[in-house]
Amino acid sequence: MDLYEIRGGRLDVIAEEADHQELSRESTTMEPYSVVSDREGRAARDVSTFQRFSVNTNESLRFEPCEESPPSPTGAEDGHDDDDDVFKEGGTESEIITTRNRLQGKVAEMENFAGHLEEIFLTVEENFGRREQHLEQHYNDVLQTLSQRYDERAAGLAEEKKNKLEALYNQLLACGRALDASKELIEMAQEIYRSRDKRLFLKAVMPTIKRIEEFAKDEIDLTLSTRLEFDTPLADLSDVKTMMDSINVVPAPSAPVINPQTPNSATQTSLRVCWSLFSDDTVEYYELYYRPVLEDTPADSTCAPHVSKVKVKETHCTVTDLLPNAQYELWVTATNTTGISPASEKALYMTVPSPPVIKQRECTSCSEAALIRWESGNTNPVDSYTVELSEMSTDGTESGVTESIVAVPTCQCLIQLQTGRRYVISVRAVNIGGPSDKSEVITVSTTGTFFYLLEDTAHPCLSISEDGFTIFYGDEELPISAMALDDNTFTRCVAVLGNLIPVRGRHYWEVEVDDGTEFRIGVAYEDTERNSYLGATNTSWCMRHILTPSRHKYEFLHNGWSPDLRITVNPVRIGVALDYERGTLSFFNVDLEQHLHTFHCHFQNYVHPCFGLDNPGALTVHNGIEAPEYTFI
C-alpha cells in the first residue's frame, strides 16, 4: 500500500480585542486551536498544527505534529487600534462579527469532520484486517488449492481499500482547501480591519465583504464520499466446500458386488439374494432393486416391467411375492451419510418352477418298470426333473421310504420297479433356485402291462370311452370334410394305437370283442403308415377277424401275408402276449386257454399295441393284468 501524506498549512487564529470576549470564548472551544489573552489586551497566538498522517497496509493511522507555522504574512499583531471607529462609522462591525462567527463555526465543523475522518480511516483499517483474518482462517486448510483465488480476492480488497482511502484523501484535501480559503479571508479581513488608511479601507472593504458572502454561500459537503463496508463479491465456492467437507468425512460407499444365485436359494414365490461390499466401506443401509425379465417385452421403455425396491441393513435379503419359474433382474446400492454408491452389476435370479403336470394318459407300466410322462407348465426352461416314488403297502398306505431319481433331463422317465407292487409317483421340476413342489401323484401297479389309447392317432370315425379303454365305430359315415386329419392319424384303416411299450421283457393284455365285429388287433411300430391297413406292411403285426356268409375267418397278417389257419371256436376274449427278448407275438383264446398263433420276429424298435374295427362295433382293452402261466411257456 502506498503512503499518503497530508501536510496542513499554518492556520493562524486571530485573537480579538478585550471588548470581543464572547468571540474569544467561542474560539477557545475549537480544537486543535487555542487562543490565550494577555493583560495588555493583546492575544499571543498559538501556532495551530494541522496534523500529518500516514496510512500503511500493516499500520494503524498515526498522527505527527508538523513544523512550526511561520509568522503571519502581514506581520501585524493583534491589538486594539483606532480602526474600530471605521467599523462603527461604516456600520459594518456587526456584519463582520456575524460573518466571522459563521466562519468560525464552519472551521469547527471541518475540524470535527477531520476527526471523524480519522475514525473512518481506523474503521477501514480494522474492517480490512478482520476481512483479511477471516479469509486466512477460512482458506487455511486448503491454502495450496486456493492460493490463486486468495491472491485475487486479497488484491481486490486492497484495491477497494485503496479506492476508499483515495476518496477520503481527496475529500480531506477539499476540506484543507476550504480551510485555507477561510484562513485567507480571515487574514484579509484582519488586514483591512487593522488598516489605518481609511481610503484604502473603504476601497477594499466592499470587495472583501462580497468575497466573504460568496464563500459563505458555498455549501461544504460533509458526507462521506465512500462507504465504510467492503463489497464482498459472490463467488462459487461449491468446489471448495466439497474439498473442505471431504476432510474427516466418511466417503460414499463403492458399488456392491451382487453374488450369483446359489442352488436351493429360492421358492416358488421368493428369492434369497446375497451381495458383498469392500470391508473399508461404511454403510447405513442397502436398497435392492428387482424386476421380472419378460421375453416378449417390446423395445418401448414405457412397457418395461415395474421396478420394485427393498430397503435392508444386512448384505442379504429375501424377496417375496414373486412369480414362479420367472427370471428376475436384480441390482443393489449402498447408502451412508455421505451419499449413495453406484449400482452393482445386474444379476439374474430365478424362482422355483411350478410343479409339473403328469400326463396320466401317456404313462405306461409293466411288471418290471414304468414310463412316466409329464409336461413342465413353465415358460422358462427347467434345468432338470426329480422323480420321487414310494411303495404302497397292502392296506393302501405309503411306506416311509421315498426313492428319488434326480437330474432327469426330459419330460419322461423310465423307472425300474419290482414285480407285483404298487407305487405312488410324483415329479418335481428343478432349476438353479431349487426344486418345485410335488406334482399331483399317480398310482402305478406292476401286476401287468398297463397303457392307454392314444386319441391323437385314432381314425376320425372312432370314438374312445372316457376311461380310455373302449373304442366304438358307429353306423354313420362321416363326410371327408368333417374328418380332422393330421400326420399321426389313421386315415384308411379305422384304427388307434396304444401307448408305446418301451421296456424290454414280457407284456400281456387282453381284448374283448363280440361275434359280429370285424376287428384287427396286434402291435405296430411308431412309424407305421397311417394310410394303410394294419398287417398290410412290414411295420405291423395283427390278428384279423372277417365275417363271411359261411363262416368266421381269422387271419394273422404281417406285410400282407397270413398263414392258412382255421379256428373252430370264435374267441370272445383274446389274449396278446409280447416277448421282446424271444421276438414273439402270440394270440390266445382266453376262455379256452387256447393258443391261436405266434409271430416270430426280431423287433428292431419298440412297438405300440394297435386296435382296429373294419365294421361298426366296439372292442374293449383289458390291461394291467397278470399274464396267465400258459402264455410264455
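Just so you know, these numbers come straight off a predicted model, no measurement behind them. Numbers here are sequence positions counted from 1.
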| request: Measure the spacing between OH of Tyr286 and OG1 of Thr333 and express it to the nearest 0.5 Å. | output: 10.5 Å
| query | Got a donor-acceptor contact below 3.5 angstrom from the Asp591 side chain to the Pro571 backbone? | reply | no
| message | Just so I know, are the side chains of Thr470 and Phe472 near enough to count as touching, which here means a heavy-atom distance under 4.5 Å? | response | yes
| Whether over 12 other heavy atoms sit under 6.0 Å from Glu440 CD | no
| said: Can you give me the closest heavy-atom contact between Pro356 and Ser439, atom names plus distance? | reply: O-CB, 3.0 Å
| task | Grab the two heavy atoms, one from His306 and one from Arg291, that are nearest each other, plus how far apart they are. | result | O-CB, 3.5 Å
| said: Between the side chains of Asp614 and Arg520, is the shortest nitrogen-to-carboxylate-oxygen separation below 4.0 Å, so that they form an ion pair? | reply: yes
| query | Do Thr539 and Thr537 have side-chain atoms, one donor and one acceptor, less than 3.5 Å apart? | reply | yes
| request: In plain terms, say whether Glu329 and Lys346 are close enough for a salt bridge, that is, a side-chain N and a carboxylate O under 4.0 Å apart. | output: no
| Separation of Thr491 OG1 from Glu529 CD (nearest 0.5 Å) | 10.0 Å
| field | N/O donor-acceptor pair under 3.5 Å between Tyr423 side chain and Thr446 backbone | value | no
| task | Given side-chain contact (heavy atoms from CB on, under 4.5 Å), test Val576 with Leu585 step by step and report yes or no. | result | CA-CA 7 Å; Val576 182; Leu585 176 66; 3.7 Å; yes
| message | Within the structure provided, determine whether Phe490 and Leu462 are in side-chain contact (heavy-atom separation under 4.5 Å). | response | no
| Minimal non-hydrogen separation, Arg530 against Asp527, with atom names | NH1-C, 4.3 Å
| remark: All heavy atoms of Thr489 vs all of Ala458, minimum pair found to be CG2-O, 3.1 Å
| message | Would you call the rings of Phe587 and Phe556 parallel, tilted or perpendicular, taking 30° and 60° as the class edges? | response | tilted
| task | Test Tyr452 against Phe469 for ring-ring contact (aromatic ring centres under 6.0 Å, His included), laying out the working first. | result | CA-CA 7 Å; Tyr452 284 95; Phe469 299 111; 5.1 Å; yes
| Could you walk me through whether Trp275 and Cys317 pass the side-chain contact (heavy atoms from CB on, under 4.5 Å) check? | CA-CA 9 Å; Trp275 56 89; Cys317 175; 3.9 Å; yes
| Spatial distance of atom CD (Gln327) from atom CG (Asn431) [nearest 0.5 Å] | 9.5 Å
| task | Establish, for the pair Arg504 and Tyr606, whether the NZ or CZ atom is under 6.0 angstrom from the six-membered ring centre and no further than 45 degrees off its axis. | result | yes
| field | Euclidean distance, Arg373 CZ relative to Leu371 CG, rounded to 0.5 Å | value | 4.0 Å
| message | Is it the case that over 12 heavy atoms from other parts of the model lie below 6.0 angstrom from the NZ atom of Lys553? | response | no
| field | Leu613 side chain near Thr517 side chain, heavy-atom distance below 4.5 Å | value | yes
| said: Looking at His608 and Leu500, would you say the former's side chain and the latter's main chain have a donor-acceptor pair under 3.5 Å? | reply: yes
| Under 4.5 Å between any side-chain heavy atoms of Leu557 and Leu534, yes or no? | no
| field | Inter-residue atom distance Thr364.OG1 - Gln412.CD, 0.5 Å rounding | value | 9.0 Å
| task | Test Val283 against Asn336 for side-chain contact (heavy atoms from CB on, under 4.5 Å), laying out the working first. | result | CA-CA 5 Å; Val283 177; Asn336 62 17; 5.5 Å; no
| request: Quick one: closest heavy-atom pair of Ser436 and Pro353, and the distance? | output: CB-O, 3.0 Å
| task | Please determine if Arg428 and Glu388 form a salt bridge, counting it only when a charged side-chain N lies under 4.0 Å from a carboxylate O. | result | yes
| field | Whether Thr419 side chain and Ser367 backbone form a donor-acceptor pair below 3.5 Å | value | yes
| message | Donor-acceptor check, side chain of Asp579 to backbone of Glu581, threshold 3.5 angstrom: yes or no? | response | yes
| Side-chain heavy-atom pair Ile258, Trp331 within 4.5 angstrom cut-off | no
| task | Mark yes or no for whether Ser354, through its side chain, and Asn378, through its backbone, hold a donor-acceptor pair below 3.5 Å. | result | no
| task | Would you indicate whether the side-chain heavy atoms of Leu288 and Leu330 approach each other to under 4.5 Å? | result | yes
| field | Under 3.5 Å donor-acceptor, Asn615 side chain and Glu518 backbone | value | yes
| field | Distance in Å, Thr318 OG1 paired with Arg272 CZ, rounded so as to fall on 0.5 Å steps | value | 5.0 Å
| request: Side-chain contact test, heavy atoms from C-beta onward, threshold under 4.5 Å: evaluate it for Tyr525 versus Gln604 and give yes or no. | output: yes
| query | Does a donor on one side chain and an acceptor on the other come within less than 3.5 Å for Tyr285 and Glu287? | reply | no
| More than 12 non-hydrogen atoms from neighbouring residues, nucleotides or ligands closer than 6.0 Å to CD on Glu375, yes or no? | yes
| Closest heavy-atom contact between Cys363 and Ile372? | SG-CA, 3.8 Å
| Is the backbone of Thr449 close enough, under 3.5 Å, to the side chain of Asn623 for a donor and an acceptor to pair up by distance? | no
| said: Donor-acceptor check, side chain of Asn538 to backbone of Asn559, threshold 3.5 angstrom: yes or no? | reply: no
| task | Would you mind reporting whether Ser265 and Val273 have side-chain heavy atoms less than 4.5 Å apart? | result | no
| Parallel, tilted or perpendicular, as decided by the 30° and 60° cut-offs, for the rings of His545 and His552 | parallel
| task | Check the pair Cys413, Tyr385 against side-chain contact (heavy atoms from CB on, under 4.5 Å), reporting the backbone distance first and the verdict last. | result | CA-CA 9 Å; Cys413 180; Tyr385 298 91; over 6 Å; no
| said: Looking at Leu497, is its backbone amide N or carbonyl O close enough to the side chain of Thr457 to form a donor-acceptor pair, meaning the two atoms are under 3.5 Å apart? | reply: yes
